[in-house]
Amino acid sequence: MANIWYIQVNRYCNNKCHFCSNPSNGADITYERGIELIDDFLSKNYDGVIFTWWEPTLSPNLSLWIKYSNKKWLECRVISNGMMCADCEYMQKLKDVWLSLIHFSLYSYIPKIHDFLTDTPWSYKKVLLAIQNALSLWINVQINSVINKYNQNHLDKTTKFIVKNFPNITHFVWNNLDPLMMRQTKIALSTLPDFDIASLSLIHAMKFLELSWRTFRVERFPLCFMRGYEYASTETRKIIKNEERLVYFLDFRETINDKWADFIHDKFLECNNCDLNSICAWVYEKDKYYNYIKVVPQKINKDEKENIIKKIKA
Ligand code: SF4
């Protein structure tokens, strides 16, 4: 997908992730509103629709919207915590309406860390069952993970665990934690990552995936912490390819159209001395939350920078 439409179908969940960026407000959309949004998307010529946040599988209309999207030849996918899809019958229901791709959120290969972060006992066991169910029905699975304090030192081990147990999974997405909308509890705030530590295990994970011909994306992580893999930065890709992302939120934000410029975050003074400055999105929420980050201006030659751009365009 290039230009993407995200539809937030409900704002309640059967997990209670401490760092959830869209905490429950009980809202959801009707079947008719979902169809209206999909039709609107069609008229705007977007490339795909993602049903998400938090948790789309709790909506009784999800399978109807998937069926409708497929009938209109729209690429569609679901982002889920896996709790409902641990049930074979539910997974089969989505397969019956031709769901072909689902992202499951897994935060750690260590059960107690995943269950602690979701604040939901057995959520680890259920997401693994969900992955198994989807793959056995030939539904493509991709893994999403939020980079945070509790998994920052083993992002690589979690990736290797998934690849070992589910070799058919070929794409991984890491989102650095978004503290802006999350609950402001002591535990939630304790999940903010140390970028230096996370960078080490993230780079190992990316190296491992690249060597096994798998793909990955990283969001909200400045380029100086992912050197060698700049091409995988979601924001850098948006900047270079001038892509958009349309998001329908179930709160005061309603519809937000993220143009490439909206993917740019907050700049440190040091960034002015960095050769990656023009293709880096800098640091998300630098002043309020990530003010402890120490960015490292990079020196690279013209060819290296051109190669990053070429790789993204290719
Ligand atoms: S120093 Fe600034 S511009 Fe350079 S890579 Fe880091 S965040 Fe990006």
Side-chain angles (χ1 to χ4, degrees), residues 2 4 19 21 144-156 159 172-182 189 191-211 215-245 256 258-314:
I4 298 175
F19 44 57
S21 57
N144 284 16
S145 201
V146 174
I147 299 172
N148 69 85
K149 183 98 171 190
Y150 297 89
N151 69 6
Q152 64 188 13
N153 65 354
H154 59 269
L155 299 168
D156 52 341
T159 306
F172 291 71
V173 180
W174 291 279
N175 297 292
N176 188 30
L177 195 145
D178 175 0
L180 189 61
M181 300 288 289
M182 76 178 184
L189 291 169
T191 61
L192 263 70
D194 177 319
F195 282 38
D196 288 312
I197 297 175
S199 167
L200 286 177
S201 73
L202 179 65
I203 287 176
H204 279 143
M206 293 191 287
K207 199 177 279 176
F208 168 74
L209 291 176
E210 196 178 52
L211 285 173
T215 52
F216 45 86
R217 297 286 177 264
V218 185
E219 192 163 328
R220 284 187 225 104
F221 218 54
L223 296 186
C224 43
F225 292 93
M226 48 185 289
R227 287 291 282 121
Y229 298 94
E230 297 85 354
Y231 69 87
S233 158
T234 304
E235 291 96 330
T236 296
R237 299 180 74 83
K238 300 276 178 204
I239 292 167
I240 289 170
K241 293 168 106 176
N242 196 14
E243 287 175 354
E244 295 180 13
R245 179 170 68 179
I256 289 185
D258 286 330
K259 307 260 184 210
W260 70 267
D262 300 314
F263 287 92
I264 305 283
H265 308 309
D266 306 325
K267 190 175 180 178
F268 281 82
L269 261 182
E270 293 92 320
C271 298
N272 292 324
N273 300 320
C274 177
D275 294 339
L276 290 171
N277 189 13
S278 63
I279 57 168
C280 181
W282 308 316
V283 179
Y284 181 75
E285 282 300 307
K286 151 180 139 355
D287 294 328
K288 192 162 177 205
Y289 293 100
Y290 288 125
N291 50 12
Y292 57 90
I293 298 303
K294 300 254 176 292
V295 296
V296 189
Q298 301 293 307
K299 288 287 156 230
I300 62 167
N301 62 40
K302 209 173 144 219
D303 284 352
E304 200 185 338
K305 192 164 169 184
E306 268 168 19
N307 280 339
I308 296 170
I309 295 172
K310 258 193 223 156
K311 199 162 181 175
I312 291 176
K313 286 189 172 165

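Just so you know, residue 1 is the first one in the sequence shown, and it goes up from there. One-based numbering, in listed order, for ligands and for the atoms of each.
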Show the atoms of ligand 1 that are less than 4.0 angstrom away from any heavy atom in [X].
X      : value
Pro222 : 7 (S)
Val296 : 1 (S)
Pro297 : 1 (S)

Practice item. Check the surroundings of atom NZ in Lys299: do more than 12 heavy atoms from other residues, nucleotides or ligands lie under 6.0 Å from it? Key: yes

Point to revise | Whether over 12 other heavy atoms sit under 6.0 Å from Leu269 CG | key: no

Practice item. Determine, stepwise, if the pair Gln152 / Phe195 fulfils side-chain contact (heavy atoms from CB on, under 4.5 Å). Key: CA-CA 8 Å; Gln152 64 188 13; Phe195 282 38; over 6 Å; no

**Study point:** Whether Glu219 side chain and Arg217 backbone form a donor-acceptor pair below 3.5 Å
**Key:** no

Check your understanding: Are the side chain of Asn144 and the backbone of Phe172 linked by a donor-acceptor contact shorter than 3.5 Å?
Key -> no

Check your understanding: Among protein heavy atoms, which sits nearest to atom 4 (Fe) of ligand 1, and what does the distance come to when rounded to 0.1 Å?
Key -> Cys274 SG, 2.4 Å

Check your understanding: So which heavy atom in the protein is nearest atom 8 (Fe) of ligand 1, and how far is it from that ligand atom?
Key -> Cys280 SG, 2.4 Å

Practice item. Kindly confirm whether atom 4 (Fe) of ligand 1 is within less than 2.8 Å of some N/O/S atom in Cys224? Key: no

Practice item. Take the angle between the ring planes of Tyr284 and His265 and call it parallel below 30°, perpendicular above 60°, tilted in between. Key: perpendicular

Check your understanding: Given that the side chain starts at C-beta and the backbone is N, CA, C, O, which of these parts of Cys271 lies under 4.0 Å from ligand 1, counting heavy atoms, or is it both or neither?
Key -> both

Review point. Contact between Phe268 and ligand 1, counting heavy atoms under 4.0 Å?
Key: no

